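Predicted, not measured: the structure shown is a model, and the values here were computed from it. Chain naming here is simple, since letters A, B, ... match the order of the sequence lines and numbering starts at 1 in each. Keep in mind that the numbers below use all heavy atoms, side chains included, and drop hydrogens, waters and symmetry copies.
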Amino acid sequence: EAGVAQSPRYKIIEKRQSVAFWCNPISGHATLYWYQQILGQGPKLLIQFQNNGVVDDSQLPKDRFSAERLKGVDSTLKIQPAKLEDSAVYLCASSPGTSGDGELFFGEGSRLTVL
Amino acid sequence: QQQVKQSPQSLIVQKGGISIINCAYENTAFDYFPWYQQFPGKGPALLIAIRPDVSEKKEGRFTISFNKSAKQFSLHIMDSQPGDSATYFCAASTPWGGYQKVTFGTGTKLQVIP
């Protein structure tokens, strides 16, 4: 079974530029998550999708971050304009359903450096 | 109330020793407590998990101890090996609006020295 795929793995941009990250979850997984992991910290949930609907985006900085999940499968996370404090690893995760044991399957992450 | 507090931040253990990582929570609605293991450059992966209706769960060298009254849970790694060197995150999950909401601790960087 293929895991969660993310790209790009690394991205370096100047502040005020824009960047987009892509995620392809495990086939059949209904729930998709984007987490931000700043160096030395635990993952922080940015947005959670159930199929193609948003169920939690309470911690997403909506003035600069946006995310969509087209057709309930792939997802993109965009940052525009980027700030220095956005330097982090952006982790995509998926899980099979809406409830249950809560196990998340993570991708390897996209590391963003903002200069 | 959604926080999960984790300690220590870092831990150095001799090969063969016991590694112990502790977590505490406040929200009594949490109903699933997983531990994730993360190697450098990789995403976190589920290691072991427990529900609050049991006090202990063991899988190989890894054991979760759960104290519901104290709202604390811990990960014990017996016979620690250099290959266990990684960052460990506790987490807690709660039903929320018909879905599961997962909150992570701040992580413990474990180094097992030969």
Would a hydrophobic clustering, with Ile, Leu, Val, Met, Phe, Trp and Tyr connected at side-chain separations under 4.5 Å, put A:Ile79 with A:Leu46?
yes
Assigning hydrophobic clusters by single linkage (Ile, Leu, Val, Met, Phe, Trp, Tyr; side-chain heavy-atom cutoff under 4.5 Å), is B:Phe66 placed with B:Ile21?
yes
Give the interface residues of residues 11-20 of chain A toward chain B, defined by a heavy-atom separation under 4.5 Å.
none
Between atom CD of B:Gln100 and atom CD of A:Gln48, what is the distance when rounded to the nearest 0.5 Å?
9.0 Å
ILVMFWY network linking B:Trp35 to B:Val112, side-chain heavy atoms under 4.5 angstrom
yes
Path from B:Leu47 to B:Ile20 over hydrophobic side-chain contacts below 4.5 Å:
no
Which region of A:Gln37, side chain (C-beta onward) or backbone (N, CA, C, O), has a non-hydrogen atom less than 4.5 Å from a non-hydrogen atom of chain B, or is it both or neither?
side chain
Separation between CZ (A:Phe106) and NZ (B:Lys42), nearest 0.5 Å, reads 15.0 Å
Does A:Tyr90 share a hydrophobic cluster with A:Ile26, counting links as ILVMFWY side-chain heavy atoms below 4.5 Å and allowing steps through other members?
no
Side chain proximity check, A:Glu103 to B:Tyr32, heavy atoms < 4.5 angstrom:
yes
Within the structure provided, determine whether B:Tyr36 and A:Leu104 are in side-chain contact (heavy-atom separation under 4.5 Å).
yes
Contact list (residues 53-76 of chain A to chain B, heavy-atom gap under 4.5 Å, by number) returns A:Val55, A:Asp56, A:Ser58
Donor-acceptor contacts, no H, no angles, side chain residues 5-12 of chain B, under 3.5 Å, sequence neighbours left out:
residue: B:Gln6; atom: OE1; partner: B:Cys90; partner atom: N; Å: 3.3
residue: B:Gln6; atom: OE1; partner: B:Gly107; partner atom: N; Å: 3.0
residue: B:Gln6; atom: NE2; partner: B:Tyr88; partner atom: O; Å: 2.6
residue: B:Gln6; atom: NE2; partner: B:Thr108; partner atom: OG1; Å: 3.0

Any side-chain heavy atom of A:Tyr33 within less than 4.5 Å of one from B:Lys101?
no
Taking heavy atoms only and a threshold strictly under 4.5 Å, list by residue number the residues of residues 107-115 of chain A that touch chain B; give 'none' if the list is empty.
A:Gly107, A:Glu108
Can you find a pair of side-chain heavy atoms, one from B:Pro44 and one from A:Leu91, that are under 4.5 Å apart?
yes
Taking side chain as C-beta onward, heavy atoms only, is B:Thr106 less than 4.5 Å from A:Gln41?
no
